[in-house]
Amino acid sequence: MEKHRIFTTSFASVYPHYITKAEKKGRTKEEVDSIIYWLTGYSPTALQKLIDNKTDFETFFAEAPQMNEHTSKIAGVICGYRVEEIEDKLMQKIRYLDKLIDELAKGKAMEKILRT
């Protein structure tokens, strides 16, 4: 089975779009980064290295220090799919990130986005 194109897309190529989406709605790059740190366990230095190396999404999630234990609380629709029902685990992780960025852009409080 052929890999989905997003799996081999560099995280660095999508990251600016996450920031732009958030900033258009009055949110910040720092909030986007906080979401990424919370979801994946990456540190600021490690995240920057991944961006600089143009790491693809598959590697980005495969090497994530620790996916947050509360990802099971992320629910809802993104791109027409319920994130909690996506069977491919890599695609589900990518859509978790998309969902969290969407919530940020929609004005949701960080405490609610981070399921704290």
Side-chain angles (χ1 to χ4, degrees):
M1 189 169 141
E2 193 172 317
K3 289 183 183 180
H4 192 283
R5 186 171 46 112
I6 191 68
F7 297 172
T8 57
T9 300
S10 77
F11 175 79
S13 70
V14 178
Y15 178 68
H17 298 288
Y18 292 147
I19 294 168
T20 300
K21 183 174 191 169
E23 289 178 342
K24 281 184 179 178
K25 299 293 184 166
R27 304 307 287 258
T28 66
K29 174 189 178 297
E30 290 73 25
E31 289 174 308
V32 171
D33 289 349
S34 292
I35 288 170
I36 295 167
Y37 305 149
W38 176 86
L39 181 64
T40 63
Y42 281 117
S43 68
T45 305
L47 178 61
Q48 189 57 55
K49 185 177 177 186
L50 292 164
I51 292 167
D52 293 344
N53 291 341
K54 297 185 179 2
T55 302
D56 63 33
F57 269 99
E58 186 170 26
T59 306
F60 177 84
F61 282 107
E63 295 180 357
Q66 175 149 1
M67 290 299 291
N68 193 288
E69 63 186 18
H70 298 292
T71 57
S72 62
K73 295 180 181 179
I74 302 170
V77 178
I78 188 79
C79 299
Y81 297 96
R82 295 205 65 78
V83 293
E84 62 273 25
E85 296 174 359
I86 296 172
E87 291 184 23
D88 184 293
K89 292 302 175 191
L90 176 56
M91 182 61 79
Q92 187 176 48
K93 290 173 185 175
I94 293 167
R95 296 303 183 202
Y96 281 156
L97 180 55
D98 292 344
K99 180 69 176 161
L100 297 175
I101 299 299
D102 272 4
E103 290 177 357
L104 180 69
K106 289 179 180 174
K108 205 169 192 182
M110 283 298 286
E111 299 78 37
K112 292 194 184 269
I113 296 169
L114 303 182
R115 278 57 179 175
T116 55

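Remark: the backbone N or O of Lys54 is not paired with any side-chain donor or acceptor of Ser10 at under 3.5 angstrom.
Side-chain contact between Phe7 and Met91 is present, with at least one heavy-atom pair separated by less than 4.5 Å. In this structure, Met67 and Leu39 have side chains that are in contact, with non-hydrogen atoms separated by less than 4.5 Å. A 4.5 Å side-chain heavy-atom check between Trp38 and Ile113 finds every atom pair outside the cut-off. Lys29 has its side chain within reach of Glu23: a pair of non-hydrogen atoms, C-beta onward, lies under 4.5 Å apart. In this structure, the side chains of Val32 and Arg27 stay at 4.5 Å or more apart for every pair of heavy atoms. Residues Ile35 and Tyr96 have side chains not in contact (no heavy-atom distance under 4.5 Å, counting atoms from C-beta outward). Inter-residue side-chain proximity for Ile6 and Arg95 is flagged as unmet; no heavy-atom pair is nearer than 4.5 Å. Looking at heavy atoms from C-beta onward, Lys112 lies out of side-chain contact with Glu103 at the 4.5 angstrom threshold.
Heavy atoms from other residues, nucleotides or ligands lying under 6.0 Å from NZ of Lys108 number more than 12.
Interatomic distance, Glu63 CD to Thr40 OG1, rounded to the nearest 0.5 Å: 12.0 Å. Rounding to the nearest 0.5 Å places NE2 of His17 at 12.0 Å from CG of Asp98. Distance CD1/Ile36 to CD1/Ile101: 5.5 Å, rounded to 0.5 Å.
Ion pairing between a basic and an acidic side chain is recognised when a charged N comes within 4.0 Å of a carboxylate O; Glu84 and Lys99 show no such pairing.
In this view, Phe11 and Tyr15, Phe57, Phe60 satisfy the ring pair (Phe, Tyr, Trp, His ring centres under 6.0 Å) rule, not counting sequence neighbours. Legend: residues meeting side-chain contact (heavy atoms from CB on, under 4.5 Å) with Lys49, ordered by chain and number and at least two apart, are Asn53. For Thr71, there are no side-chain hydrogen bond (donor to acceptor under 3.5 Å, both in side chains) partners two or more places apart in sequence or in a different chain.
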